[in-house]
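Below is one structure, written out as structure tokens, with a few remarks after it.
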Amino acid sequence: MSDPAFRPIKILDVDVCKPMADLAMIEPSSGKRYGGVFCLVRRQGRPIATTEFQFDGDVLTNAELRARIGSDTAVQQAELQPDAPLPKTDGPFVSVVIATHDRADSLARCLDSLIAQTYQSFEIVVVDNAPSSYQTADLIAARYAGPKAVRYVRENIPGLGRAHNAGLANLSSEFALFTDDDVVVDPNWVAAMAANFDQAGRVGCVTGLILPAELDTRAQFWTERHGGFGKGFARKVFDLAGNRPSGTLFPFTAGQFGSGANMAFRTEALRQIGGFDSALGAGTLARGGDDLASFYAVLQAGFQIVYEPRALVWHHHRRGEEGMRRQAFGYGMGLGAYLTKVVVEDPSAALRLARALPAGIAHMAGPSSPKNQRLPGDYPGSLVWRERLGIAAGVPGYVRSRMAAARSPMPASAQALDSQETLKGGASPMRPSVPILLYHSIDTECAPAYRRWMMLPQELDRHMRVLAEGGFRPVTISALATIFRERRPVPPGTVAITFDDGLHDFLTGAMPVLERYGFAATLYVVSGLVGKTSQWLAASGEGKRKMLNWEELRTLSCEGIEIGAHTVSHPQLDILPADQAAREIHGSKVTLEHGLKRPVQSFAYPHGYSSRTTRALVRGAGFQSACRVRHALTTTTEDPFTLSRIVLTSEIGPAELRQFLTQPVLPVAPPADRLVASGWRMVRRFQHYAHVGG
């Protein structure tokens, strides 16, 4: 298939355990004639080998196809793995992150394949990286705002590593899957990825098989022959202990683990290594290397990497030869930049790299190396040298890219760190701060006494438009708390949107608005009243307001809404005896986790009231964060169990909200236990016992 008169190669995906049909080797619509076949062979659904052969006829019969497959040595030697069935509904909730840049058409193709997954419990987050138009945002709003909503995140500074970090900051799931906008994913891709993460937490990363989606041009054929992205058909485990490949190149040849178009991480492992390096990846001066650096760092942190061939994606290689030349140089630069990063951040690695240098040269330049043995006879020598020049260029490229990343505009919240200006009201000097917005009911009718707490859907829409037009990017509370806890820079325009109580009108009034803008939110639910009514609102004339049921909550939790706990019955926690408060706190977590079939990490104090005792109980129950009600901005230094929230009522219009978000008119995280708070707690406790006694 390396004849100078190149003819397109037909891509096939067949299962030897299923019937095969005759295949036309001429496309009727275009007249394109195929001159060969690239066939993925499966057995009982599992990929076991690929076979390639030339074919000059008009029709490839099923009998000849079976004969060709049966005579292939790789197919004959493939062993059927004793795989457990892949999960569909009982696996962990995961997030799929796709970074894209001005490729709406290919992105739509990728998203369509994701929506058709056999696995049910996942969300999709699209990061629009430095777009030149609103084409991607319009696509998602028009086509992907349905039951399996796609969340839209915009990252204005170019760079794949930075875009992936923006996606990471906008999710709260335990596992994050990453792919590119130029792939089509296999229907079992998410399931195969999720199945390989162990409960013990040893597996930090999973990668998968990447095969060509088309081989219509010589450049695409060269790309596949040059190395492609596939790493074989056997499941592999890598670590720094008993699962080390032989040779001195491990673990520096991180490309052997997989590729960024098909990778997944335990979120905690990714955050432990500091996320992706924003100086690496497509769109930066380094051009690549972000995936390699992450694989290497995960191994160095003590985690395992698993390669799972059942996690399959089909990649659309570049069609033009000019694009191939740029790509060859870019691949080289990415490798050189990644290795430079390793040495810059760990100078002791330089000696280990020096010892591996002879083997590395043999791998790159040796005529008998597997890398060069794969190349077809017509593969241009100029491409080989462009890749090698790229490796050398990657050294200064990474240094320049790292310096450029350091000069990138800081988030507005981070810029405040250097300011010593005192806020109005005598608050402490400004620190990195984030607005957390608090809403309650989104409906059209309510009792007069409750009108302040109910907002019309169109009023909420005007609020969300303020966020969208201001470039704000909503994240869940758990994602925000993780950024704070790990002292990572707060992404520009970060904001959190929360809704208290778990009223049914969240589904009918708030969710359509959030979907329209692609915004994430956190919903705090009174667990003991799921599927019932808002009994604690009886004094306001709203005791019969409908609550969400379990099926609705599970659906929301699969559509980018974080579900948090709001106690069992919505009491004033801080005036209850400790044992009663403990039952309200712990009971809400247990009930929600049982009903949702996933962890519940965040808590909100009813009425916003907390005390040292209740905060200790929340922490002890296993929550990772908790929100109070304080008309203030929260900060990176605030206690994660007293995150301040801005109360949004029906009286606050778009202009007031815009002022809260952009001007220093709010205090920053006042202390949780000021004298006035303690005094008010004593008054409420007296009122409570007087009422109970009466």
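What you see below is based on every heavy atom in this structure, not just the backbone, and it leaves out hydrogens, waters and symmetry mates. Keep in mind that this is a model prediction, so the values were computed, not measured.
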Exercise. List the steps and the verdict of ring pair (Phe, Tyr, Trp, His ring centres under 6.0 Å) for Phe499 and His440.
Key: CA-CA 5 Å; Phe499 294 81; His440 288 84; 9.1 Å; no

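- Within the structure, the ring pair (Phe, Tyr, Trp, His ring centres under 6.0 Å) test picks out the following pairs touching residues 524-551 (sequence neighbours left out): Trp536-His570.
- For the atom pair CG (Leu437) and CD1 (Ile497), the distance works out to 6.0 Å, reported to the nearest 0.5 Å.
- Side chain of Asp501 to backbone of Leu503: no donor-acceptor contact under 3.5 angstrom is found.
- Each salt bridge (Lys or Arg N to Asp or Glu O under 4.0 Å) pair with one or both residues in residues 468-478, not counting sequence neighbours, appears once here: Glu155-Arg473.
- Here Ser527 pairs with nothing under the side-chain hydrogen bond (donor to acceptor under 3.5 Å, both in side chains) rule; sequence neighbours left out.
- A side-chain donor from one of Ser625 and Ser602 sits under 3.5 Å from a side-chain acceptor of the other.
- Under the side-chain contact (heavy atoms from CB on, under 4.5 Å) criterion, Asn549 pairs with Glu551, Glu552, sequence neighbours left out.
- Looking only at atom types and distance, the side chain of Thr614 has no donor-acceptor partner in the side chain of Asp574 under 3.5 Å away.
- Not a single donor-acceptor pair under 3.5 Å links the side chain of Arg154 to the backbone N or O of Asp128.
- Asp500 has its side chain within reach of Leu438: a pair of non-hydrogen atoms, C-beta onward, lies under 4.5 Å apart.
- Contact detail for Asn156 and Ala130: the closest heavy-atom pair is O-CB, 3.4 Å.
- Residues Tyr134 and Thr136 form no side-chain contact, since every pair of their non-hydrogen atoms from C-beta on lies 4.5 Å or further apart.
- Using a 4.0 Å cut-off between a side-chain N of Lys or Arg and a carboxylate O of Asp or Glu, Arg628 and Asp639 do not qualify as a salt bridge.
- Applying the salt bridge (Lys or Arg N to Asp or Glu O under 4.0 Å) rule to pairs touching residues 597-608 yields nothing, sequence neighbours excluded.
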Quiz item: What's the verdict on side-chain contact (heavy atoms from CB on, under 4.5 Å) for Val629 and His607, showing C-alpha distance, side-chain angles and the deciding distance?
Solution: CA-CA 7 Å; Val629 176; His607 311 282; over 6 Å; no

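- A donor-acceptor pair is defined here as one N or O able to donate and one able to accept, closer than 3.5 Å; such a pair exists between the side chain of Arg266 and the backbone of Val203.
- Screening residues 574-602 for ring pair (Phe, Tyr, Trp, His ring centres under 6.0 Å), with sequence neighbours left out, gives no hits.
- Checking Glu584 against Ser569 by side-chain atom types alone, a donor-acceptor pair falls below 3.5 Å.
- Not counting sequence neighbours, the partners of Phe603 by the ring-ring contact (aromatic ring centres under 6.0 Å, His included) test are Tyr605, Phe623.
- In this structure, the side-chain contact (heavy atoms from CB on, under 4.5 Å) partners of Val513, at least two apart in sequence or on a different chain, are Leu460, Asp461, Met464, Arg516, Tyr517.
- Scored by the side-chain hydrogen bond (donor to acceptor under 3.5 Å, both in side chains) test, Asp138 finds no partners at all (sequence neighbours excluded).
- Applying the salt bridge (Lys or Arg N to Asp or Glu O under 4.0 Å) test to every pair with at least one member in residues 528-543, sequence neighbours left out, gives these pairs: Glu542-Arg545.
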Can you give each donor-acceptor pair under 3.5 Å made by side-chain atoms of residues 446-454, sequence neighbours left out, with the distance rounded to 0.1 Å?
residue	atom	partner	partner atom	Å
Arg451	NH1	Met454	O	2.5
Arg452	NE	Glu651	OE1	3.1
Arg452	NE	Glu651	OE2	3.4

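- Taking Asp579 as the reference, Pro577, Arg583 meet the side-chain contact (heavy atoms from CB on, under 4.5 Å) condition, with sequence neighbours excluded.
- When all heavy atoms of Leu592 and Ala565 are compared, the pair lying nearest together is CD1-CA, 3.5 Å.
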